[in-house]
Each structure stands twice: as structure tokens, then as C-alpha cells.
Chemist: 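A single structure is presented below for examination.
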Amino acid sequence: MKIEKLIQPGVIAALKKLYDFEPGDNLVQLQNTRKDFIGDITLVVFPFLKYSKKRPEDTATEIGKYLVENINEVKSYNVVKGFLNLEIDNNYWTSEVLSAWRDEYFGKIVTSEDQQELAMVEYSSPNTNKPLHLGHIRNNLLGFSISEILKANNYQVVKTNIVNDRGIHICKSMLAWQKWGNKETPENTGKKGDHLVGELYVEFNKHFKAEIAELMNNGLSQKEAEDQAPSIQEARELLRKWESGDPEVVELWKTMNGWVYKGFDITYKRLGVDFDKIYYESETYLVGKKEVLRGLKEGIFYQKEDGSVWADLTGEGLDHKLLLRSDGTSVYMTQDIGTAKMRFSEFNIDKMIYVVGNEQNYHFQVLAILLDKLGYAWGKSLHHFSYGMVELPSGKMKSREGKVVDADDLMEEMVQVARKMAEELGKLDSLSEEEAERTYEMIAMGALKYFILKVDPKKNMVFNPEESIDFNGNTGPFIQYTHARIKSVLRKASEKNIELKKEINILPEEISFKEKELMKRITLFPAVVKEAGTNYSPAVVANYCFELAKEFNQFYHDHPILAERNEPTRDLRLLISATVGKVIKSGMKLLGIEVPERM
RNA sequence: GCCUCGGUAGCUCAGUUGGAUAGAGCAACUGCCUUCUAAGCAGUAGGUCAUGGGUUCGAAUCCCGUCCGGGGUACCA
């Protein structure tokens, strides 16, 4: 039982008895006692003063006395100003840790399948004209992690990806291949497919930019130049041909997208993310178009004289939104409407979550309204999991200029650093080469993932490519290392035939401050998982894991475990160690981070 | 212009529904491996929580103004 659940009713009863006052739950403010004071949990009594009509100290004392007399687990109290610090009996903490250790699902809420809601999480959603970069990494890691967190909060989760496989951006790469590609393929160059296509995209922009400059020299405005440059005209022509099903163009499109998918698969695999269902824009945009036309027919939308279709959102305090261009082609929004329709007809979705950058807040605000207007009850309930940008010290990444941190390069560098570091420390000498490689990979990904996920998703973050991501301090490897240490102790324990006991018979007064701190920290895990789910925040889990690992390392430093002579103490320390290891492992799993047995 | 999000130590970030003396890590400096893994532990130093008001027992947190920055407001995605 959670400690708050134990104390809260007692406080309410105390207030009723002492002051004949019944507070709402939110008036009873319980918080963990700060380290500088004695106690485990603290009640803030200021809100009760107007009912007690007494000084804060006296009010606190009266309530404290009542709680000690009426709740077994409350051992003692002390009062500092308006804060009532309660000390909880140590037996409570040991029994909580014991049940955490025994509970296979500790921290998770799991019921039978028919009681679970279905959440669909869309993430990644790449364009197929360039390789994945650090921004995509944040997206993928957040999407994967939030899926794991939702599962731990009793959701059935369908991970989905909408691949933006059609449109003008692909045609730019296709055109570049036709004109300047020299018949290069991944096979004849050995290049990764998505990288090859990405190079072509940059190539296109190089020519495009030069053409614009020339046209502007000839007196055109920037806007006119951008519209009339031969490259863009040709790319548009390719798009028209694609839409009309020109076999040659469609063939090239299929081939180049195929290259890209092969490349993406490698990146996704190394990153450790996957999908249960993949949608392709080329298969959903026509559905969207149909929906928009239906909306037009039913008078939900309107058409301008040039043929373009719009939604009037002024009633919602927004602007007018384009849904179909004057030439009848669809825009981003059109496709998202189609995708949503397909998803909801295919799955019984209770909660739809879009993991998409905050630059698209407006887009999703509009999408929700449009779906609602089109008559879908679920429209309003979609959730845009909006996350901040990854920036370089010099500012935003720009893929058009090739100014990006490439996902594959970054992962490879991380592994190299991890390998070098492990070799210098001589840590993995006892492992086979294969196991060592696997561990470098695990540590490198741990460092990268933790670096990204420990930051509040809502906030922008800065990545400095000049400084490699740390492996010491508040990092993934620090937490992984803690786990490996614990595993090492457990291995040694079983070598010595020291078993984890089912009961702990330690005298409460023999429990040290740090031991108790650790036990308290362990019991917090379920609340952390829940909070992470409610707030869509892997960062909450990440920071918890760090605190837990840090406290364990402090404990480990000056508490002998196996060497401890007093058996009950040894048993408790071993139990704490094992449970911390278990919690670290499942916490890190929620972040998509594996933990090694040795490192 | 309008909408929106943000500004916490030199740097990267935490900071629960408003609570006690604002915390970590990195970088700098100093100690600790004959003992269960030193990718660790302990310590020193580092702050006008952008800024000015307001709300109250109490504000980094809530409200208003100002300054600075990001994003959006496209027949781009």
C-alpha cells in the first residue's frame, strides 16, 4: 500500500476529530520529507490553520499526536514551523521492498486484455527523400518509450508509422537521379540507400539554388524565381506524371523508395525501434481526398472560384485552411485526414497519439477540428504528443543544406567511443569478442537514448556535436554500470550459496539512513510509471532511474553486502540490491534501454 | 502584426497540485582502489531562478507588464 494512502485517511480523521472540519483530498498535502529533517513523510499544515484557529506549531503537534496514536506505521513525529514530519516504522519499508521484489509486475498496472484500452502511437513518420537525423532520433525514441510506458499503464499499444513516400520532395530526388545521378545505385556504389537518395536531394537543391540566383539576377523577385526555376518545374512535372500513373516514373519512384526503406530498416533496427503497422501516404492520400470532397458536398467545406477547397475555421477562432489545391492535388492535411480514417476503421482505437514536433501544433489543432467537423467522434480526442526541437549550438538543423547530425553516423560514433573507453578501462577483457561488441553497442545506445530521453520532451534541447555524449555522471552508462555492479554482487552471492530470503528479520533500529532512503526510493517506482503515463514523459522515468542508481552507488560504497557478518543486515542489503537491480532494469526498459550483466 | 512556447550555476538539464536553506551532471580544483566492478564515492567552488510589479502565511512555480529567444501564421511537408 502506498504510504500516502495510509496517512491521508488518518489526517482527514484527525481534522474531523480535532477541529470538526472535513477537508477535500487536495487540501491534504503530503510530500517526502526533505533530507535535512528527520522523518519520512511530511504534512503541510498551513491550509488547516483557519479551521484549527491555532498556531501552525500547535496544529501540527495535535495532528501528529493523533496520527501516532491511531496509525500503527507512524512511529513518531516532529514539528518544524508549519511542517509536520512523520517517521514511519522501518518494518513498513522492509515489507514494501519484499513485496516489490516478489511482485513480477512491480510498477506496472496490468489487467486482462478485455479490460485494456487500445492506444495507437504514431511516430517516426519520415519523408523518403533523405536519411534520418538526430531530430528523427528524438522522435523515434520518444515514440517507442511512450509506447512502453503506456503498456505499463495497462494499455494495449499499436505502434504505427506513416511514411511520407510521395510528393514533391521525392520528385526532387528522383529528378536529381535522372539528371545528375550517373546511374548510381546502392548496389554499384555500396552506399546506404537512404544516404544515396539524400545526396541526390542535396544535389537538387544545389542546382535549384543556383537557378534562383540567376533568375533573380535577371530581375525576378525571389518568389517568382523560386516558382519558375527549371528544376522545380521539372520536379513538378514528375509529380504530375506520378499522379497520373506514368509507368516509367512510378517505376523509378518504387525503386528509389525501395533503396530508402532498406536503409531505414537498418537505422531503426540499430536504434531498437519497431512498428506494428506501417501506413504509406501513397495509400492514404486518396482516401483523404475523398473525405474532403464528401465534406465539400455536405457543405462542411467550401470551394473557391479557382477550384481549391477550404475549411472555414473562423468560428473556432482560427483562419481558413486549404484542403485541396486548385489543381485538385492534396496537401499534408488531406493525407492526415485519410490516414486517420483508415486507422479508425481498421482498429478499435480508444486513444490516438501523434508523436510529432511542436512546429506542428497548429496542424494538429486544425486536424482535430476537421475530423470533428467530418463527423468523427474521435476527432477531438486525438492527442498531439508535441515535443521540442533538437538544436545545434549554431541553431536549427537544416537538411536542405545538409546541416544535420546524421542518425547512422552518430550511432556509429557512439559505439566507437564506447569501445575505446571500455578498452582503456579494460572492463570487458573477460568477454568473448562477440559479447564485448554487443556490450559496446548496448552502452553506446544507452548513452544516446538516455541523453535524449532525460530531457523534458516539451522542451527544445541542444546537442553539441563537438563534445561527444558523456558516459559518466548523469548518463545511461552510469545507470547501466550500477546494474552490472548489482548483477556482479548477485553472482557472487550465488557462488557463496547466499540466498535471497523471503523474510527479513532485522531490528528496525539497525537499518541505516541510506538503506532506508533506498527502500523509500524503490517504493516510489509505481507512482513514477503512472506519472510518466499521465504526463507522457519518459524524462520522469529517466530521472528516477538516475536518482535510484546514484543512491545505490552511495549505499554500495560504504555498506558491505556479502561481507557483512550480521546475517539479517546482510539479507536486507542483498534484498535491497536485488530489488534496485530489478527496478533499474524495468525502468530502463521503459526507455528502450537495455542493461548489461557486466561492463 | 497576431497566435504560441520558452528564459534556472560557465555548459547541459532537474525542480511534483505554490511549501522548509533552489538541485544534479559536465567542465575546474582536492582527496579515496590490498576489501562485493573507481564508467564509482566524498569534498571545494560556482545563483539577482531574464526583468518590474501583483496575489498570500509562503512564489522558480500563479496573474499582469517589459526585454530576449524558438516555433507557427504558405496552393511546403
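None of these values were measured; they are calculated from a predicted model. Convention: sequence-line order gives letters A, B, ...; per-chain numbering from 1.
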Chemist: How would you list, by chain and number, every residue that makes a side chain to side chain contact (heavy atoms under 4.5 Å, CB included) with Ser494(A), sequence neighbours excluded?
Modeler: none
Chemist: It should be established whether Arg34(A) places a side-chain nitrogen or oxygen under 4.0 Å from OP1 or OP2 of nucleotide rU16(B).
Modeler: no
Chemist: More than 12 foreign heavy atoms under 6.0 Å from NZ of Lys514(A): is that the case here?
Modeler: yes
Chemist: Applying the 5.5 Å / 30° rule, does Tyr481(A) stack onto the base of rG40(B)?
Modeler: no
Chemist: Using a cut-off of under 3.5 Å, enumerate the N/O to N/O pairs linking the protein to nucleotides 1-10 of chain B.
Modeler:
none

Chemist: Using the test side-chain hydrogen bond (donor to acceptor under 3.5 Å, both in side chains), find all partners of Thr61(A) that sit at least two apart in sequence or belong to another chain.
Modeler: none
Chemist: For nucleotides 55-60 of chain B, tabulate all protein N/O to nucleotide N/O atom pairs closer than 3.5 Å, reporting atom names and distance.
Modeler:
none

Chemist: OP1 or OP2 of rC36(B) sitting under 4.0 Å from any side-chain N/O of Arg491(A)?
Modeler: no
Chemist: Sequence neighbours excluded, which residues qualify as side-chain hydrogen bond (donor to acceptor under 3.5 Å, both in side chains) partners of Trp310(A)?
Modeler: Ser308(A)
Chemist: Measure the distance from CG on Asn535(A) to P on rA14(B) and round it to the nearest whole Å.
Modeler: 14 Å
Chemist: Check whether any side-chain N or O of Lys321(A) sits under 4.0 Å from OP1 or OP2 of rG72(B), and answer yes or no.
Modeler: no
Chemist: Quick test of your reading of the model: are Lys449(A) and Glu594(A) salt-bridged, counting only N-O distances below 4.0 Å?
Modeler: no
Chemist: Assess whether a salt bridge exists between Asp36(A) and Arg34(A), defined as any Lys/Arg side-chain N lying under 4.0 Å from an Asp/Glu carboxylate O.
Modeler: yes
Chemist: Polar atoms only, N or O, under 3.5 Å: list the protein pairs with nucleotides 25-31 of chain B and their distances.
Modeler:
from, atom 1, to, atom 2, distance (Å)
rG25(B), O2', Asn474(A), N, 3.2

Chemist: In whole Å, what is the span from the CG atom of Leu318(A) to the P atom of rA74(B)?
Modeler: 11 Å
Chemist: Under 3.5 Å for both pairing distances: what stems, at least three Watson-Crick or G-U pairs long, include RNA chain B?
Modeler: B:1-7 with B:67-73, B:10-13 with B:23-26, B:28-32 with B:40-44, B:50-54 with B:62-66
Chemist: Measure the spacing between CZ of Phe48(A) and CG of Leu84(A) and express it to the nearest 0.5 Å.
Modeler: 9.5 Å
Chemist: Output yes when Arg598(A) and Glu435(A) qualify as a salt bridge under the 4.0 Å nitrogen-oxygen rule, no when they do not.
Modeler: no
Chemist: Closer than 4.0 Å, any side-chain N/O of Ser488(A) to the OP1 or OP2 of rU37(B)?
Modeler: yes
Chemist: Please check the phosphate of rU37(B) (OP1 and OP2 only) for any side-chain N or O of Lys492(A) closer than 4.0 Å.
Modeler: yes
Chemist: Distance check needed: rC36(B) C1' versus Leu574(A) CG, whole Å only.
Modeler: 10 Å
Chemist: Contacts to RNA chain B from residues 554-567 of chain A, heavy-atom cutoff under 4.0 Å, which residues?
Modeler: Gln554(A), Tyr556(A), His557(A), His559(A), Pro560(A), Ile561(A), Leu562(A)
Chemist: For Tyr302(A) together with His320(A), are the ring centres under 6.0 Å from each other?
Modeler: yes
Chemist: Glycosidic conformation of rC33(B), syn or anti, with 90° from 0 as the boundary?
Modeler: syn
Chemist: Given the side-chain rings of Phe478(A) and Tyr481(A), with only the six-membered ring counted for Trp, is the space between their centroids under 6.0 Å?
Modeler: no
Chemist: I'd like to know if Glu359(A) pairs up with Lys396(A) as an ion pair, taking the criterion as any Lys NZ or Arg NE/NH1/NH2 lying under 4.0 Å from an Asp or Glu carboxylate oxygen.
Modeler: yes
Chemist: By salt bridge (Lys or Arg N to Asp or Glu O under 4.0 Å), which residues pair with Arg138(A), not counting sequence neighbours?
Modeler: none
Chemist: In this structure, how many angstroms lie between the C1' atom of rG69(B) and the CE atom of Met461(A), rounded?
Modeler: 18 Å
Chemist: Round to a whole Å and report the spacing from CG of Asn129(A) to P of rC76(B).
Modeler: 16 Å
Chemist: Got a sec, which pairs hit salt bridge (charged side-chain N to carboxylate O under 4.0 Å, His left out) with one end in residues 48-58 of chain A, sequence neighbours left out?
Modeler: Lys54(A)-Glu62(A), Arg55(A)-Asp58(A)
Chemist: Can you find a donor-acceptor pair, distance only, under 3.5 Å between Asn85(A) side chain and rA20(B) base?
Modeler: yes
Chemist: CG of Leu239(A) versus C1' of rA77(B): gap in Å, rounded?
Modeler: 13 Å
Chemist: Measuring centre to centre across the rings, with the benzene-like ring taken for any Trp, is Phe46(A) within less than 6.0 Å of Phe83(A)?
Modeler: yes
Chemist: Where each residue is assigned the nucleotide of RNA chain B containing its nearest heavy atom, which of Leu425(A) and Phe83(A) is assigned the position nearer the 5′ end?
Modeler: Phe83(A)
Chemist: For the pair made of CD in Glu466(A) and P in rU12(B), what is the distance, rounded to whole Å?
Modeler: 14 Å
Chemist: If the condition is side chain to side chain contact (heavy atoms under 4.5 Å, CB included), which residues does Leu313(A) pass it with, not counting sequence neighbours?
Modeler: Ala311(A), Glu316(A), Leu318(A), Lys321(A), Val366(A), Ile369(A), Leu370(A), Lys373(A)
Chemist: Does a salt bridge link Arg521(A) with Glu551(A), judged by any charged N lying under 4.0 Å from a carboxylate O?
Modeler: yes
Chemist: Determine all donor-acceptor pairs shorter than 3.5 Å in which one atom belongs to a side chain in residues 37-44 of chain A; sequence neighbours excluded.
Modeler:
from, atom 1, to, atom 2, distance (Å)
Asp40(A), OD1, Lys516(A), NZ, 3.0
Asp40(A), OD1, Lys520(A), NZ, 3.0
Asp40(A), OD2, Ile88(A), N, 2.6
Asp40(A), OD2, Lys516(A), NZ, 3.4
Thr42(A), OG1, Thr33(A), OG1, 2.7
Thr42(A), OG1, Asn85(A), OD1, 2.7

